[in-house]
Novice: 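Below is a structure I'd like to ask you about.
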Amino acid sequence: MRKSYKTEINPTQEQIQKINKTIGTCRFIYNFYIAHNKELYNKGEKFMTAKSFSVWLNNEFLPNHPEYLWIKDVSSKSVKKSMENAYTAFSRFFKKQSRFPRFKKKNKSDVKMYFVKNNPKDCFCERHRINIPTLGWVKLKEKGYIPTTKQGYVIKSGTVSCKAGRYYVSVLIEIPDQNKPQLNDFGLGIDLGLKNFAVISNGITKKNINKTERIRKLEKQLKREQRCLSRKYEDLKKRNNKMKGEATRQNIQKQVLKVQKLHHRIDNIRTDHINKCVNEIVKTKPSYITIEDLNVKGMMKNRHLSKAVASQKFYEFRTKLEAKCKELGMELRIVDRWYPSSKLCHECGCIKRDLKLSDREYICECGYHADRDYNASLNLRDATSYKIA
């Protein structure tokens, strides 16, 4: 079994320059591959795969264009991986799974430095540092999180990424199969919502992290910093003096980094909340967990709720819950989005079709009275029509 680990690193200034140079080269190769295939299409020529593009780049393009020889200064594995990523984007487009590949933008797109284990001394990990090809030993900020090589774990591949001025390493490690725990003879139903993040059929309610004072303070601070950034851009447009304009551009870059750090901090708090919710749910060791197949794309069309829906990260919760269930041998059931979990009475089975979104209590004619979300979680737990993730 293979498992990924991601943690922050503390590279030296020289290593930072190498990482930034590699990421910039990978972004250039990705964009070059897309532009070259667009040019071939306009000429009516055959589409070029990642392998054929690599051969053409090394044997034809670079010998005739020596000004681009700086491509050879970075890791060849990272360059080839960027070609494969661009080819995958084209393949998804041809299968109508996504739209046409777009160009990667500097400081805006998520481009990573890829590395792979080639030699026995590569990707050697200790408690406080990791050996990355072309970078050497890099310090880890979180010591002991990644399983070490001395314990018998082998790193197959990994990536180095940069976000808001902070650098991260993600590694894929070969882990021996572990004994799965003994599961209890009960199931759980989870109803996801906006008022509360998750209401579970065992009576536990996970609060909405976006309504806490911590997030509200950070969002208020983010609002001020974004307003300040907008004013700096407006000020740059009015500048006629080149010296003052250059100083304004430097101030803009500093302000952009402030905004990015606040975005990153808020995102980390929300992700941490999801991780804790998933772990607490899984610790009860149910035999199965049932959730609803939410139409998030449709919910995002409501302009009054779109921000609240996006900040809840329903898809990330489902992905991480699915991974945990697979790891521990639990069954994750997905109920159809048209299943009337909120309108169905758990006591008598009657469907209340006139139930509104503002009705937070479910009151049935049979005398059943319960919280709307808790009633939905019980109906999801006892659902008979579902598909297994």
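FYI, side chains are in, hydrogens and waters are out, and symmetry mates aren't considered; it's all heavy atoms of this structure.
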Novice: Please determine whether a side-chain nitrogen of the Lys or Arg among D354 and K343 lies less than 4.0 Å from a carboxylate oxygen of the Asp or Glu.
Specialist: no
Novice: Do the side chains of K237 and E234 get close enough for a salt bridge, i.e. N-O under 4.0 angstrom?
Specialist: yes
Novice: How about K313 and T271: does a side-chain donor come under 3.5 Å of a side-chain acceptor?
Specialist: yes
Novice: List for me each residue that meets ring-ring contact (aromatic ring centres under 6.0 Å, His included) alongside H273, sequence neighbours excluded, and say none if there are none.
Specialist: F197
Novice: With sequence neighbours excluded, tell me which residues meet ring-ring contact (aromatic ring centres under 6.0 Å, His included) with F47.
Specialist: F90, F94
Novice: With sequence neighbours excluded, tell me which residues meet ring-ring contact (aromatic ring centres under 6.0 Å, His included) with W70.
Specialist: F28
Novice: Could you check whether E316 pairs with K320 (Lys NZ or Arg NE/NH1/NH2 to Asp/Glu carboxylate O, under 4.0 Å)?
Specialist: yes
Novice: Does atom CZ of F314 have more than 12 heavy-atom neighbours, drawn from other residues, nucleotides or ligands, at distances under 6.0 Å?
Specialist: yes
Novice: With sequence neighbours excluded, what pairs up with F53 under the ring-ring contact (aromatic ring centres under 6.0 Å, His included) test?
Specialist: F32, Y33, H36, W56
Novice: Keeping to residues at least two apart or across chains, list the side-chain hydrogen bond (donor to acceptor under 3.5 Å, both in side chains) pairs with something in residues 253-264.
Specialist: Y168-H264, E225-Q255, Q226-H263
Novice: For a quick check under 3.5 Å, do D293 and Y386 share a side-chain donor-acceptor pair by atom type?
Specialist: no
Novice: Side-chain donor-acceptor contacts of residues 143-157 below 3.5 Å, not counting sequence neighbours, with atom names and distances?
Specialist:
{"residue": "T149", "atom": "OG1", "partner": "C125", "partner atom": "N", "Å": "2.9"}
{"residue": "T149", "atom": "OG1", "partner": "C125", "partner atom": "O", "Å": "3.4"}
{"residue": "Q151", "atom": "OE1", "partner": "T148", "partner atom": "N", "Å": "3.4"}

